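This report refers to the structure that appears directly beneath it.
All values reported here derive from a predicted model rather than from experimental measurement.
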Amino acid sequence: MSFQAPRGMRDFYPEDMAFRTRLFDVWTATARAHGFAQYDAPIVEHLDLLTRKAGEEIIEQIYAFQDKSGRKLALRPEVTPSLVRLVAARRSRIVMPAKWFTIAQCFRYERMSKGRKREHFQWNLDIIGSDSIIADLEVLATAADALRTLGLTPQDANIHVGNRNLVGEMLHAIGVPDQQQLDVLMVLDKRGKVSDEVLVEMLTEAGVAAHVSPQIMKIFDVRDLEDAAALVPADSPAIRELRTLFDLADRAGVGPFLRFDIAVVRGLAYYTGIVFEAFDTRRRFRAILGGGRYDRLFESLGEPPLPAVGFGFGDVVIKEVLDKTGVDQSPGKDVDVCVGVFDHAHWPEALAVAGALRADGLHVDLALGAVGPNKLFKYADRRNASRVVFVAPEELKSDCVVLRDMTTGSQAAVPIPDITAAIRKQPPD
RNA sequence: GUGAGUGUAGCUCAGUUGGUCAGAGCGCUAGGUUGUGGUCCUAGAAGUCGGGGGUUCGAGUCCCCUCACUCACCCCA
């Protein structure tokens, strides 16, 4: 056997699965705690739905294929188009605003690099049908809660919050035509990846006049909302929105995780207002999560307008961050009790004991191949079982089995009918 | 698609100018200890040196091709 998982696809061994399950649990519990309901959609989607949102170019970057009837399909590269499809189909029946989340496996055909596989799981969480800043805040607070529950602190990671409308107002004040702003935003998103000189070149290519570029670059000098306010009209809606958002974040208890960052604009065309990305504070990794407000997506897909805000949070980068941050990820024990025998003849009694313990809700493993004291205890040790119950000839004569505490090494003979109670009396740590 | 780096035991890796270079640690198996695990000691199993071709008396080592993995770019989740 020389096969390995196809390029970019991942195997999940038990230890990997332990993390994945824990992560999914946190995502699910956090979403529920904030009143979001779970949905799902097929991994295979209509190619047309995906291209209508992302453009024909995306075909080169996804697993696209035809089924045996010639239907053009694709493995979903993201779940937002499906979300729009689901909401649009039952629009009149869904209670708005809809607060929905999903954990979706998504695929993308591209070269792999750090933090990027060809397949990943992404927690998507959205509020559809509300244009209130409270909705933005609720989404951000949920994201921050998830980071906190995973063991990260504001010293480890922050959610950088920007506002496209704010940059838009600034560009407008400088004199950049509105129809040019999106191109300029896309260039500004490259900040940090390329040098400022290259950035200016890209601005020129985007049609920005030479004397305007330096003014655009000065936008990056903005450090806080006060700096920003100085560059836009006093009655700026974008500033007012951000101030409200940060005030509310403090009241919601997630303020320390949030920070204003003028440079966050996101590389996607459809965002319309608040945008955000979470990074580890040392900026050693890609964005942990990213999202924002996308009030025009529905209409761009041919639906009546519907405001929305949400984010995507993948499983790959967060794993890297948690590993590097040294957050305690020790998983719970797989096994509470290991049951074994000193002699093959005693499996009937051992199975009866194991059955009783399982009926009581304990996680019980049988030391199938490890018969005899040496092998049994060594096996139990490696399985990380805190208790061992074994059937031994001497004790069995008086209808007892032996309960051993693997942490202390102490053990005692216990009448078989009392074994469950004996374990319950001294629950493992 | 472009560029760079790395492929030697299950894992992490060493291997000098081509000539006992098929190795170490960890892990695994067995024994010391057939009624007692973790520590310790001893022994053992295990590798077509990623694959193919070439140069050479001789290739893990040099050359070519290829595959895989990693990183960066591109693109974005």
Side-chain angles (χ1 to χ4, degrees), chain A residues 1-10 13 15 50 53-55 57-63 75-83 102-125 186 189-190 193-194 198 202 266-271 277-278 284-292 310-318 320 338 340-344 346 367 369-397 401-413:
Chain A
M1 274 288 283
S2 58
F3 287 113
Q4 50 191 168
R7 185 170 210 151
M9 306 295 167
R10 297 172 295 166
Y13 285 89
E15 59 270 30
L50 303 174
K53 183 210 166 204
E57 317 83 65
I58 200 176
I59 294 176
E60 299 304 315
Q61 294 160 22
I62 64 180
Y63 284 89
L75 300 185
R76 63 185 175 195
E78 55 170 333
V79 79
T80 306
S82 305
L83 171 65
T102 187
I103 297 171
Q105 190 175 22
C106 298
F107 299 81
R108 188 158 288 216
Y109 192 86
E110 64 177 0
R111 283 274 198 182
M112 287 138 53
S113 59
K114 196 174 182 180
R116 279 300 146 87
K117 308 290 180 189
R118 287 184 169 182
E119 156 267 318
H120 76 148
F121 288 93
Q122 191 183 57
W123 181 35
N124 275 81
L125 182 138
M186 293 301 114
D189 188 51
K190 302 293 178 215
K193 288 191 169 185
V194 300
V198 175
M202 292 171 75
R266 302 281 292 163
L268 287 173
Y270 64 79
Y271 286 112
E277 293 179 324
R284 295 169 68 180
F285 302 97
R286 291 173 181 273
I288 298 168
L289 63 89
F311 65 79
F313 185 150
D315 69 323
V316 178
V317 175
I318 187 64
E320 294 174 343
C338 189
V341 295
F342 281 5
D343 188 297
H344 283 289
H346 297 137
V371 170
N374 246 313
K375 288 183 177 178
L376 170 60
F377 297 128
K378 192 163 189 172
Y379 174 81
D381 191 43
R382 286 191 305 185
R383 284 306 308 265
N384 202 20
S386 50
R387 307 300 180 93
V388 175
V389 172
F390 58 95
V391 182
E394 279 303 315
E395 287 79 357
L396 189 59
K397 288 176 186 168
V401 291
V402 187
L403 169 61
R404 180 181 179 83
D405 184 318
M406 291 299 282
T407 311
T408 64
S410 62
Q411 63 185 45

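Across U48(B) and G60(B), the matching C1' atoms stand 13 Å from one another, rounded to whole Å. When the P atom is compared between G15(B) and A24(B), the two are found 15 Å apart, to the nearest whole Å. Taking atom C1' on both U20(B) and G58(B), the two are 13 Å apart, rounded to the nearest angstrom. Taking atom C1' in both C40(B) and U33(B), the straight-line distance is 13 Å, to the nearest Å. Atom name C1', nucleotides G50(B) and C69(B): the rounded distance is 10 Å, in whole Å. Nucleotides U16(B) and U8(B) have their P atoms positioned 16 Å apart, rounded to a whole Å. Rounded to a whole angstrom, the distance from the C1' atom of C49(B) to that of U61(B) is 10 Å. Nucleotides C62(B) and A45(B) have their C1' atoms positioned 34 Å apart, rounded to a whole Å.
Residues Val316(A) and Lys117(A) approach most closely at CG2-CG, 4.2 Å, considering heavy atoms.
Separating the CZ atom in Arg10(A) from the NE2 atom in His120(A) is a distance of 8.5 Å, to the nearest 0.5 Å. How far OG1 of Thr102(A) is from CD of Gln122(A): 10.0 Å, rounded to the nearest 0.5 Å. The structure places CZ of Phe311(A) at 11.5 Å from OG1 of Thr80(A), a figure rounded to the nearest 0.5 Å. Residue Leu50(A) holds its CG atom at 7.0 Å from OG of Ser82(A), rounded to the nearest 0.5 Å.
Ala392(A) comes within contact range of at least one nucleobase, with a heavy-atom separation under 4.0 Å. Nucleic acid contact class of Gln411(A) (heavy atoms, under 4.0 Å, all strands): base. Within the nucleic acid shown, Gly290(A) has no heavy atom closer than 4.0 Å to any nucleic acid atom. Residue Lys190(A) is classed as a sugar-phosphate contact, given heavy-atom separations below 4.0 Å to backbone atoms only. No contact: Glu119(A) has no heavy atom under 4.0 Å from any strand. When heavy atoms are screened at a 4.0 angstrom cut-off, Glu78(A) is found touching no nucleic acid atom at all.
Atom NZ in Lys378(A) sits roughly 7 Å away from atom P in C28(B) (whole-Å rounding). The separation between Leu403(A) atom CG and U36(B) atom P is 18 Å, rounded to whole Å. Protein atom CZ of Arg383(A) is 18 Å distant from nucleotide atom P of G38(B), rounded to whole Å. Here G5(B) presents its P atom at 19 Å from CE of Met112(A), a figure rounded to the nearest Å. Summarising the geometry, the separation between CZ on Arg111(A) and C1' on A72(B) is reported as 12 Å, rounded to the nearest angstrom. Atom pair Arg286(A):CZ and C74(B):C1' shows a separation of 11 Å (rounding to whole Å applied). A straight line from CZ of Arg266(A) to P of C75(B) spans 15 Å, rounded to a whole angstrom. G37(B) atom C1' lies 12 Å from atom CG of Asn384(A), rounded to whole Å.
Of all nucleotides present, none satisfies the Watson-Crick or G-U wobble test against G60(B) with each distance under 3.5 Å. Pairing of U34(B), defined by two Watson-Crick or G-U wobble distances under 3.5 Å, is not identified with any nucleotide. C21(B): no Watson-Crick or G-U partner with both key distances under 3.5 Å is found in any strand. In a base pair of the Watson-Crick type (N1 to N3 plus N6-O4 or O6-N4) or a G-U wobble (N1-O2 and O6-N3), with each distance short of 3.5 Å, G5(B) is matched with C69(B). Nucleotide C26(B) forms a Watson-Crick or G-U wobble pair with G10(B), both donor-acceptor distances falling under 3.5 Å.
When distances run from any side-chain atom of Arg7(A) to the nucleotides A68(B), U36(B), A72(B), the shortest one goes to A68(B). Considering only the side chain of Phe390(A), G35(B) comes nearest among G38(B), G35(B), U29(B). Across U29(B), U70(B), G37(B), the shortest atom-to-atom separation from the side chain of Asn374(A) is found for G37(B).
OP1 or OP2 of G38(B) has not a single side-chain nitrogen or oxygen of Arg404(A) nearer than 4.0 Å. Neither OP1 nor OP2 of U29(B) sits under 4.0 Å from any side-chain N or O of Lys375(A).
When each of Phe377(A) and Pro6(A) is assigned the nucleotide of RNA chain B bearing its nearest heavy atom, the one mapping closer to the 5' terminus is Phe377(A).
The side-chain tip of Arg118(A) points at the ring of Tyr109(A) from less than 6.0 angstrom away and within 45° of straight on.
Using a 4.0 Å cut-off between a side-chain N of Lys or Arg and a carboxylate O of Asp or Glu, Glu320(A) and Lys114(A) do not qualify as a salt bridge.
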